[in-house]
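Just below is one structure, and these are the notes that go with it.
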Amino acid sequence: MADDTTSKFTDEEALDFHRRGKPGKLEVTPTKPMATQRDLSLAYSPGVAVPVQRIAQDPDSAYDLTAKGNMVAVISNGTAILGLGNLGALASKPVMEGKSVLFKRFADIDSIDLEVDTEDPDAFIDAVKHLGPSFGGINLEDIQAPDSFYIEERLKELMDIPVFHDDQHGTAIIAAAGLLNALDITGKSIGEVKVAVSGAGSSALSVVGLIKSLGVKHENVLVCDSRGVIYAGRTEHVNQWQSAHAVDTDKRSLAEAMDGADVAIGLSVGGAITQAMVRSMAKNPIIFAMANPTPEITPEQVAEVRGDAIMATGRSDYPNQVNNVLGFPYIFRGALDVRARTINEEMKAACARALAGLAREDVPDEVAVAYGKRLQYGPGYIIPTPFDPRLIAAVPPAVAKAACETGVARKPIENIEAYSANLATRLDPSAGFLQKIYASVKSNKPQKRIVFAEGEEEVVVRAAYQFQNQGLGQAILIGRDDNVRRTMERLGLDPRGPLEVWNARESANNQVYIDFLYDRLQRRGYLERDCRRLVNQDRNVFAACMLAHGHADGMVTGVTRHYNVALNNVQLALDPRPGERLIGMSAILARGRTVFMADTTIAELPTSEELADIAVQVAHAVRQLGFTPRVAFVSHSNFGNPDTPHMHRVSGAVRALDARDDVDFEYEGEMTPRMALNDRVRAIYPFARLTGPANILITPGLHSGGISTKLLSEIGGATVIGPVLLGLSRPVQIVQTGVQVGDILTLAAMAAYELDREHRDWAQGAGA
């Protein structure tokens with residue numbers, strides 16, 4: 001369904017958006033290098049002859065050798081453009097370009113728009129049926145009914161790739177997902193509900209067909225067009241697709257159909273449903289008024305007569321928007337990835353169920369930021385939002401699985417979980433990095449107990465709940481039990497769940513912690529009562545004492561206090577590991593590469609020896625993360641040019657490593673980041689010892705490291721994870737203030753990840 005956003009911009013702004021720069025919204029970008037004569041020879045003549053011959057011998061190899069497997073054609077004749085009507089093929093081009101952009105934005109599917117200049121259904125079919133070799137799927141759009149039914153049916157018969165009329169099925173899938181959740185919330189059975197439908201066009205009939213496949217009984221659905229109910233025996237103004245939904249009933253009008261109905265579905269015209277009709281519906285009515293731009297009845301009008309209704313519309317300015325972008329990118333993603341021959345009812349139903357299930361989960365912070373409010377499963381949130389980053393990993397696997405189970409997949413996927421994990425990396429550069437961390441943490445036996453020190457903060461409660469719910473370990477919240485449980489209830493989380501809550505004031509371990517702390521701090525000017533106050537009132541100190549005594553395995557904090565303050569609190573109870581220093585290491589993910597940077601939080605102006613120590617510790621941690629460390633000591637100069645005092649500290653770090661016997665990784669410096677990361681540039685120094693681009697950058701000091709990572713995060717287009725704290729005797733991670741749930745969850749997982757497994761035996765005996 002189209003968004004009703006016309007009030008948010010002027011006509012001139014809309015025109016300027018489409019014409020400024022390169023006109024339109026699409027361009028073609030090569031995926032292979034075209035920089036040399038050799039590149040051109042491989043891309044075209046004579047190199048192209050090899051894949052041509054291979055495809056001629058094995059047509060399926062086209063999916064491996066060309067863009068076919070990730071290419072969808074968006075095709076229209078412009079006979080039903082949005083809510084604007086029949087304006088012709090050329091006028092539909094901005095819409096079709098927009099559809100292609102959405103395919104790319106939400107599912108990383110390449111798409112091209114094709115406008116076919118004919119209103120003759122057979123001529124349209126004849127034009128499209130020959131395009132099969134070019135594309136992995138066909139998305140039909142904005143074609144008037146009943147031509148759309150006929151065109152889609154014939155093309156599905158003639159082509160062996162998915163053909164999908166989104167105006168029909170996209171709306172049906174999203175509406176069905178919303179209906180499943182509305183029924184769940186109201187406690188109504190899908191097999192018993194009575195449904196009244198205003199509208200008998202392609203979208204309405206597709207909705208009816210899909211909800212019947214999900215369990216709504218045929219005899220419980222009354223479909224109405226502008227002349228009234230389509231009943232058994234009606235012959236006037238009824239086509240074959242409408243008559244398939246005719247039922248034996250005495251009701252003849254929409255008003256009669258809605259009397260006592262549990263569900264009203266509108267895909268007709270604005271104002272078609274009256275308040276009197278809504279008043280006559282059953283208890284807890286479900287109303288989907290999806291006409292655009294004016295719904296059959298507005299939420300305000302419904303609220304005036306029914307306080308127990310659940311509503312959805314096609315508009316973005318109301319809750320529960322039935323937006324097709326939730327469906328078509330992901331159903332095609334799943335279909336393409338198994339090389340499906342068609343998109344069948346089971347795949348559409350699987351898509352609807354996956355969407356419904358996603359709406360019942362805790363909503364990520366990215367969604368709250370995009371919408372300016374916290375969404376929570378209930379009457380006002382029954383359908384996921386288009387900007388939910390989990391859609392790409394949740395919906396296509398359900399579609400692909402259904403395709404495999406129903407036998408329409410040419411290339412079945414055996415490991416759906418691995419496929420889902422791979423999908424998450426397509427649009428999120430951090431996903432692949434984190435999946436390995438999460439997988440390792442989930443395999444811990446026994447699982448780690450991680451303390452969330454600021455346990456009464458909403459963002460912390462949600463992170464702890466997700467940490468435990470995802471099987472990453474046991475979450476322990478430090479706070480007052482009543483406050484934590486109330487927060488969980490307010491957030492829609494089960495307050496009776498298995499999360500542990502420890503109250504520092506009421507813990508049976510308090511005296512043990514106080515004695516331990518006093519023994520550590522008495523010669524640093526602390527009185528016994530000072531230690532008692534710290535244990536009872538400072539949650540970071542209390543949590544660190546838990547770790548020191550083996551009552552928990554790791555800790556995450558930092559939401560309410562600055563990094564240095566939180567670190568100082570923790571160090572009252574925990575020491576660095578012998579022979580090591582505290583280091584902040586940040587992971588930077590951008591343009592398909594992962595680079596680690598240190599120190600980004602602690603060492604303000606380290607000496608050459610200290611820089612060498614930092615390199616050794618970070619190289620060890622990076623190797624534990626599965627990377628082969630290549631260290632570059634970065635500076636503003638390259639190998640002494642220009643020669644400045646700060647440069648000597650950096651070059652001295654290289655000499656310090658040269659003097660050590662136990663260095664088992666590549667390192668080089670001093671050099672600029674460009675030299676460190678670019679093999680071609682570094683080639684002007686043939687003596688440079690790195691065999692590939694550096695993946696660890698050791699900065700001259702805290703200022704350069706901290707500034708660099710923050711710049712990359714805010715304006716550089718990179719994803720920055722961390723900083724991850726290294727070097728403490730127990731795993732403690734400190735987040736930055738102002739972080740979101742995902743950031744806390746990531747560092748909680750890092751606390752549970754065994755980066756320092758070689759030191760585990762010593763750590764378990766420290767301080768206990």
Side-chain angles (χ1 to χ4, degrees), residues 575-587 595-679 681-706 708 723-729 755-759 761-763:
D575 294 319
R577 287 193 301 269
E580 297 196 21
R581 62 182 63 255
L582 300 185
I583 298 169
M585 176 186 76
S586 297
V595 176
F596 299 88
M597 186 177 289
D599 179 358
T600 56
T601 56
I602 296 171
E604 183 174 4
L605 203 64
T607 65
S608 296
E609 285 291 336
E610 289 170 340
L611 286 171
D613 291 341
I614 291 171
V616 170
Q617 282 184 240
V618 174
H620 166 75
V622 167
R623 181 173 279 122
Q624 299 286 34
L625 289 169
F627 296 84
T628 300
R630 287 190 296 274
V631 174
F633 291 89
V634 292
S635 171
H636 68 291
S637 64
N638 287 308
F639 304 112
N641 183 22
D643 189 344
T644 65
H646 284 308
M647 176 273 295
H648 290 288
R649 279 193 309 110
V650 181
S651 59
V654 178
R655 292 191 295 273
L657 286 183
D658 288 342
R660 300 185 183 185
D661 297 328
D662 58 347
V663 178
D664 59 353
F665 55 87
E666 294 181 17
Y667 60 92
E668 187 57 282
E670 82 285 358
M671 60 178 67
T672 62
R674 181 168 181 255
M675 188 74 62
L677 299 172
N678 191 314
D679 286 344
V681 174
R682 197 172 55 256
I684 65 175
Y685 295 102
F687 57 83
R689 293 177 288 193
L690 296 182
T691 61
N695 55 12
I696 299 174
L697 304 181
I698 306 299
T699 63
L702 172 62
H703 299 89
S704 55
S708 298
V724 176
L725 181 61
L726 304 175
L728 265 181
S729 59
L755 266 181
D756 304 308
R757 59 174 65 98
E758 294 175 6
H759 306 274
D761 293 340
W762 182 90

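Quantities reported herein were computed from a predicted structural model and do not represent experimental measurements. Below, all heavy atoms of this structure are taken into account, side chains as well, without hydrogens, waters or symmetry copies.
- Put simply, the side chain of Ser708 never gets that close to the backbone of Gly705: no donor and acceptor are under 3.5 Å apart.
- In this structure, CZ in Phe633 is found 8.5 Å from OH in Tyr667, a value given to the nearest 0.5 Å.
- Looking only at distances, no side-chain donor or acceptor of Glu604 sits under 3.5 Å from a matching main-chain atom of Gly701.
- The two residues Ala676 and Met671 come nearest to each other via the heavy atoms CA-SD, 3.4 Å.
- In Arg689, the CZ atom is crowded: over 12 heavy atoms of neighbouring residues, nucleotides or ligands sit closer than 6.0 Å.
- Contact check on Arg581 versus Asp599 returns no salt bridge, with no Lys/Arg side-chain nitrogen under 4.0 Å from an Asp/Glu carboxylate oxygen.
- The shortest distance between side-chain heavy atoms of Arg623 and Asp664 falls below 4.5 Å.
- Between Arg630 and Pro693, the closest heavy-atom pair is NE-O, 2.8 Å.
- Using a 4.0 Å cut-off between charged side-chain N and carboxylate O, Arg655 and Asp658 make no salt bridge.
- Residues Pro700 and Leu611 approach most closely at O-CD2, 4.4 Å, considering heavy atoms.
- Remark: the backbone N or O of Asp643 is not paired with any side-chain donor or acceptor of Ser637 at under 3.5 angstrom.
- With a 4.5 Å cut-off on side-chain heavy atoms, Phe596 and Leu697 do not count as touching.
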For a side chain to side chain contact (heavy atoms under 4.5 Å, CB included) check, start with the C-alpha distance between Val634 and Met675, then their side-chain angles and the critical distance, and finish with the verdict.
CA-CA 9 Å; Val634 292; Met675 188 74 62; over 6 Å; no

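- Met597 CE to Ser586 OG: the interatomic distance, rounded to the nearest 0.5 Å, is 8.0 Å.
- Note that CG of Leu657 is 10.5 Å distant from CD of Glu668, once rounded to the nearest 0.5 Å.
- Counting all heavy atoms, side chain and backbone alike, Arg682 lies closest to Gly692 at NH2-O, 3.1 Å.
- Residue Ala598 comes nearest to Met585 through the heavy atom pair CB-CA, 4.3 Å, listed as atom of the first residue, atom of the second, then distance.
- Rounding to the nearest 0.5 Å places CD1 of Ile698 at 11.0 Å from CG of Asp613.
- Using a 4.5 Å heavy-atom threshold, the side chains of Phe665 and His620 count as separate.
- We find the OH-CG distance between Tyr685 and Leu690 to be 14.0 Å, quoted to the nearest 0.5 Å.
- Looking at heavy atoms from C-beta onward, Val618 lies in side-chain contact with Ile583 at the 4.5 angstrom threshold.
- Leu728 CG to Asp575 CG: the interatomic distance, rounded to the nearest 0.5 Å, is 8.5 Å.
- In this structure, the side chains of Ser635 and Arg649 stay at 4.5 Å or more apart for every pair of heavy atoms.
- Without hydrogens or angle criteria, Asn678 side chain to Val681 main chain gives a donor-acceptor distance under 3.5 Å.
- Here the shortest heavy-atom pairing between Ala603 and Ile614 reads CB-CD1, 4.3 Å.
- Formation of a donor-acceptor pair under 3.5 Å by the Glu610 side chain with backbone atoms of Thr607 is found in this model.
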If you apply the rule side chain to side chain contact (heavy atoms under 4.5 Å, CB included), what do you find for Leu677 with Val595, and how did you get there?
CA-CA 9 Å; Leu677 299 172; Val595 176; 4.0 Å; yes

